[in-house]
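Okay, structure first, notes after.
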Amino acid sequence: MWSKWIEPDAENRIWLSMNCVLLERPTLGGGIERILVESGAGGKWTAKEEAVYLFERGVDGRVRTVEHALREIGVDPASIKHVVLTHLHFDHAGGLTRFGVGGALELVFPNAQVHVQRQEWLDALANKSTMSRTYLPANLEPIANSVVLHDGDVEPIPGICVRSAPGHTWGHQMVIWKDHEGTICFAGDTMPTIHHSHPASSLGYDMLPYQTMLTKRAMLDDADREHWRLVLDHEPGDCVVQRGIRTTN
Ligand SMILES: [Zn+2]
């Protein structure tokens, strides 16, 4: 069924993105407040792992990270005040850290609070997953003093809401905010690509596939009723969708 939708390469891989969203708004003091949703997989990979995942490379020949992407648009990672993550699997939390001089782990966003669900943080520390190598200590230990833990549906940053969205993991969350055109929902791995809009399409590593289906159905109902735009985290094409119609921004 999937091969009708996406053609895999000879190694049976498909192209996926790790989409991150940068939100900016003016502060009363005349500055800019910056909030990042998601951080991608980062660049702390061995040559073998890079070959397995076939990560895209930046102009410097190294694995392209969210840090590359931000610097390309003139944004200093130190100016990011908040990072909101849907969950802590490596392709979402890896971009928070990098190897510094001498190989020591460093924070890419030294001045940011990292917002996740308490359940997700506890499950990550306990490595509670069917994938044994997705909650990586190198991604978790350095952020222990940066995390702000949330329980369920809250507004941790004025105007930015998180909503419990269990299924992919127990502590998975969606991120919801408004712009001048209406409500935007970053769906996370509840609906990673446009093909996952089908109710029965789930990820092989969802912890609770049936719950994913229920969470996704509720999200799509809300999106339809309230005219949300959805941002799809792993969609390699146009990642902003509205009521079944793909848009291009
Ligand atoms: Zn995941």
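Positions are given from 1 along the sequence. All ligand and atom numbering here is 1-based and tracks the order in the structure.
The ring of F109 has its center no closer than 6.0 angstrom to the ring center of H82. A distance below 6.0 Å separates the ring centres of W45 and F90.
Not one N, O or S atom of D91 sits under 2.8 Å from the Zn ion (ligand 1). For the Zn ion (ligand 1), the set of nearby N, O or S atoms under 2.8 Å includes one belonging to H87. Within the 2.8 Å limit, H92 places no N, O or S atom next to the Zn ion (ligand 1).
At a cut-off of 3.5 Å, with distance as the only test, no side-chain donor of E120 or H87 sits close to an acceptor on the other residue.
At the Zn ion (ligand 1), the vertex angle linking NE2 of H168 with ND1 of H89 is 90° (nearest 10 degrees).
In summary, of the residues considered (T193, D91, N19), a side-chain hydrogen bond (donor to acceptor under 3.5 Å, both in side chains) with H234 occurs for D91 alone.
The Zn ion (ligand 1) sits nearest to atom OD2 when only the N, O or S atoms of D189 are considered.
Using cut-offs of 30° and 60° on the angle between ring planes, the pair Y205 and H89 is perpendicular.
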